[in-house]
Amino acid sequence: MSTTQVARPITDAEIDQLCINTIRTLSMDAVQAANSGHPGTPMALAPLVYTLWNRVMRFDPQDPIWPNRDRFVLSNGHASMLLWSLLHLTKTQAVNADYEILGQPSVTLDDIRRFRQLDSKAPGHPEYHWVSGVETTTGPLGQGVATSVGMAIAQKWLAAHYNRPGFELFNYNIYAVCGDGCMMEGIASEAASLAAHLGLDNLCWVYDNNHITIEGNTRIAFTEDVATRFMGYGWNVLRVGDANETDRIEHALEVFRNTNGRPTFIVLDSHIGYGSPHKQDTAAAHGEPLGEEEVRLCKRSYGWPENAKFLVPGGVYERFASGIGARGAEARQEWTKLFEAYRTAYPELATEIDQMQRRELPAEWDRNLPVFPADPKGMAGREASGKVLNVLAQNIPWLLGGSADLGPSNKTLLTDTDAGDFQADNPSGRNLHFGIRENAMAAIVNGLSLSKLRPFGATFFIFSDYARPAMRLSALMELPAIFIFTHDAMGDGEDGPTHQPVEHLASLRAIPGLVVLRPADANEVVEAYRNIMQLRHEPAVLTLSRQALPTLDRSKYAPASGVAQGAYVLADAPGGNPDVILIASGSEVSLAVNAHETLLAEGIGSRVVSMPSWDIFEHQTQEYRDSVLPPSVKARLAIEQASTFGWRQYVGDSGRIIGMKTFGASAPLKELQRKFGFEPDRVVAVAKELLGRA
Ligand SMILES: Cc1ncc(C[n+]2csc(CCOP(=O)(O)OP(=O)(O)O)c2C)c(N)n1
Ligand SMILES: [Mg+2]
């Protein structure tokens, strides 16, 4: 064997092996060059991803956003070099945020040489939006597989809604690769349980059963029978006993494609760091460079030139071009023709698909949105939300979602006659029943959004903690997902501190790019939705009250359209020259208005600022922000039934905050309001203290 050249492949099997070893060596070289990363799993799984991509998947590298492509999710995102190798070797094209194909590769060999370096298109983990061809961001283990369930639901829904006899527009499959880490994470269990319940036979997970995680062999922490567990969920469970046997892998994938009524789980026995004489089957191959000498020894065992780096031998690009390249291009071209005929036969449906794919809203999407009359008794935020959501669902056919078993309480059920429940036997349903699985719900919402539907997920605000990891990814991926959280403060008094959010607003406001809205009355709820629906690249959180809030008299106070600026002057001092500013959100706005009226009657010029969204307010001009919160007015009081954390930025050093510094308590709401100081008299008293008039 020469040390500068690869042996010329002759048979098909040899060319396949050459491609597989290219993925392996690119991965090793990239990790070595970066001096960080995960070489072992790419070395082990190269035969799997090669087989899946080059022999099975319908994916056109020339158009990586073609709607009917098969989806590939690398849930063990640390093995990212698998994906960078594939995207490079298939010459997958880059696409910009306007869905235009840029005529340049998504991942170049230079990107791979600069693996994990600033601005490289081969970052540490797969990042949607940063690298074309990445279907979802992965890295936090478990998220990818859970998200894949959302993608599978979306495919079923799209097929049920848009396929017509002779027009099978949507028939793609979803493949996810995962490891021991994903299998240990609870979110995967939630998602797997739901996937089987829903009979998602378009979904295939391949489990890299290598018995190795960071701390060593899985015998130290993970000894369950994973295959039996998945049989228990109701999956079709297959096993491939050797990750190098590409024919068996291909056969298992074929069994998957012929399986109806349930998802498929393939247990793939592999050897982490395959081919490494000193590190194979050890945790040392997981997350650190192999070392120059070990890399040479690995290459020798593959029959690879020992000193060549980032080598793509002749024939490799061509092999991918004639495999996935040719199959994908043909499938996409056929689909495009089919879609053109569909457009003639079903122009309205075709327009919907176009709009959905570009994240646009249909014409008149906001028609019939309610306007709520002034009413001192008012309406609960969740109640108003339910009404608005049902109107929007009529106007936007691809708006769908549900709750983690709290639908009747979150008021998120779509009750128009044709909405229906999404179930295995009714995949066109728009009411999703996530069950009590908030973790998976949020990831599934991401999967739906990645599939270009407009999804929402709901639960009590307190349980947003269980959804937060996936919500962080919604923001990172810039997905316009919608999270509806009711019971947003102490409104469910008697349930007590386990059910009363305190730090949640602060915590979600801290997530970059996540738009958090806490509307003050029914009309602010309408405006909040108006704003949220127009977002294309940001997720939104809507926090809503359980209890009725007065519907403010908008002929007396400023219109609710001010929500669009994040904060606005709701009620003002005579002449617009306030002595003191009361800033509040949600249920505390009417409290501030009450106090304001008392202060006015006592000759104190107060201003009420309704501040449903910090994030939106921060995006306004300095001029606007100063007009709402004039720098000269130092007497400022913030009132919010939540952690005081962060409010100092708006009230300043000399301001005051009526908020929470402890957990809540179990008692009727009225008593809690008294105990924690959310009463008009207290607000008035603190405002006077600020003005030295106590
Ligand atoms: C939620 C989460 N927890 C912890 C980690 C850190 N981490 C990255 S890889 C890994 C071990 C994963 O083991 P396995 O999935 O078996 O991967 P393998 O080593 O077999 O490739 C851990 C703990 C993570 N990425 N995500
Ligand atoms: Mg493992």
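Atom set for the values below is all heavy atoms of this structure, side chains included, hydrogens, waters and symmetry mates excluded. All of these numbers come straight from a predicted model, not from anything done at the bench. In listed order, ligands and their atoms are each counted from 1.
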Practice task
State plainly whether the residues Asp242 and Arg248 are in salt-bridge range, i.e. N to O under 4.0 Å.
Solution key: no
Handout entry: Short N-O contact, Arg257 and Asp201, less than 4.0 angstrom
Key = no
Problem - N-O pairing of Asp110 and Arg113 below 4.0 Å - result: yes
Exercise for the section: Classify the angle between the aromatic ring planes of Phe483 and Phe485 as parallel (below 30°), tilted (30 to 60°) or perpendicular (above 60°). Expected result: parallel
Problem - Note, Val107 side chain near Ile112 side chain (heavy atom, < 4.5 Å) - result: yes
Fill in the blank from the handout: Given a cut-off of 2.8 Å, the protein N, O or S atoms lying below it from the Mg ion (ligand 2) are Asp180 OD2, Asn210 OD1, Ile212 O
Practice task
Return the orientation label for the Phe72 and Trp53 ring planes: parallel under 30°, perpendicular over 60°, tilted otherwise.
Solution key: perpendicular
Exercise for the section: Flag the pair Val73 / Tyr175 as yes when at least one side-chain heavy-atom distance between them is below 4.5 Å, and no otherwise. Expected result: no
Handout entry: Presence of salt bridge, Lys309 and Asp29, under 4.0 angstrom
Key = no
Ligand 1: protein N/O within less than 3.5 Å of ligand N/O:
{"from": "ligand 1", "atom 1": "15 (O)", "to": "Asp180", "atom 2": "N", "distance (Å)": "3.3"}
{"from": "ligand 1", "atom 1": "15 (O)", "to": "Gly181", "atom 2": "N", "distance (Å)": "2.7"}
{"from": "ligand 1", "atom 1": "16 (O)", "to": "Asp180", "atom 2": "N", "distance (Å)": "3.2"}
{"from": "ligand 1", "atom 1": "16 (O)", "to": "Asp180", "atom 2": "OD2", "distance (Å)": "3.0"}
{"from": "ligand 1", "atom 1": "16 (O)", "to": "Ile212", "atom 2": "O", "distance (Å)": "2.9"}
{"from": "ligand 1", "atom 1": "17 (O)", "to": "His78", "atom 2": "NE2", "distance (Å)": "3.2"}
{"from": "ligand 1", "atom 1": "19 (O)", "to": "His286", "atom 2": "ND1", "distance (Å)": "2.5"}
{"from": "ligand 1", "atom 1": "20 (O)", "to": "Asn210", "atom 2": "OD1", "distance (Å)": "3.1"}
{"from": "ligand 1", "atom 1": "20 (O)", "to": "Asn210", "atom 2": "ND2", "distance (Å)": "2.6"}
{"from": "ligand 1", "atom 1": "20 (O)", "to": "Ile212", "atom 2": "O", "distance (Å)": "3.0"}
{"from": "ligand 1", "atom 1": "21 (O)", "to": "Thr41", "atom 2": "OG1", "distance (Å)": "2.4"}
{"from": "ligand 1", "atom 1": "21 (O)", "to": "His78", "atom 2": "NE2", "distance (Å)": "2.7"}
{"from": "ligand 1", "atom 1": "25 (N)", "to": "Gly139", "atom 2": "O", "distance (Å)": "2.8"}
{"from": "ligand 1", "atom 1": "26 (N)", "to": "Leu141", "atom 2": "N", "distance (Å)": "3.0"}

Practice task
Evaluate the ring planes of Trp235 and Phe230, with Trp represented by its six-membered ring, and classify them as parallel (under 30°), tilted (30 to 60°) or perpendicular (over 60°).
Solution key: perpendicular
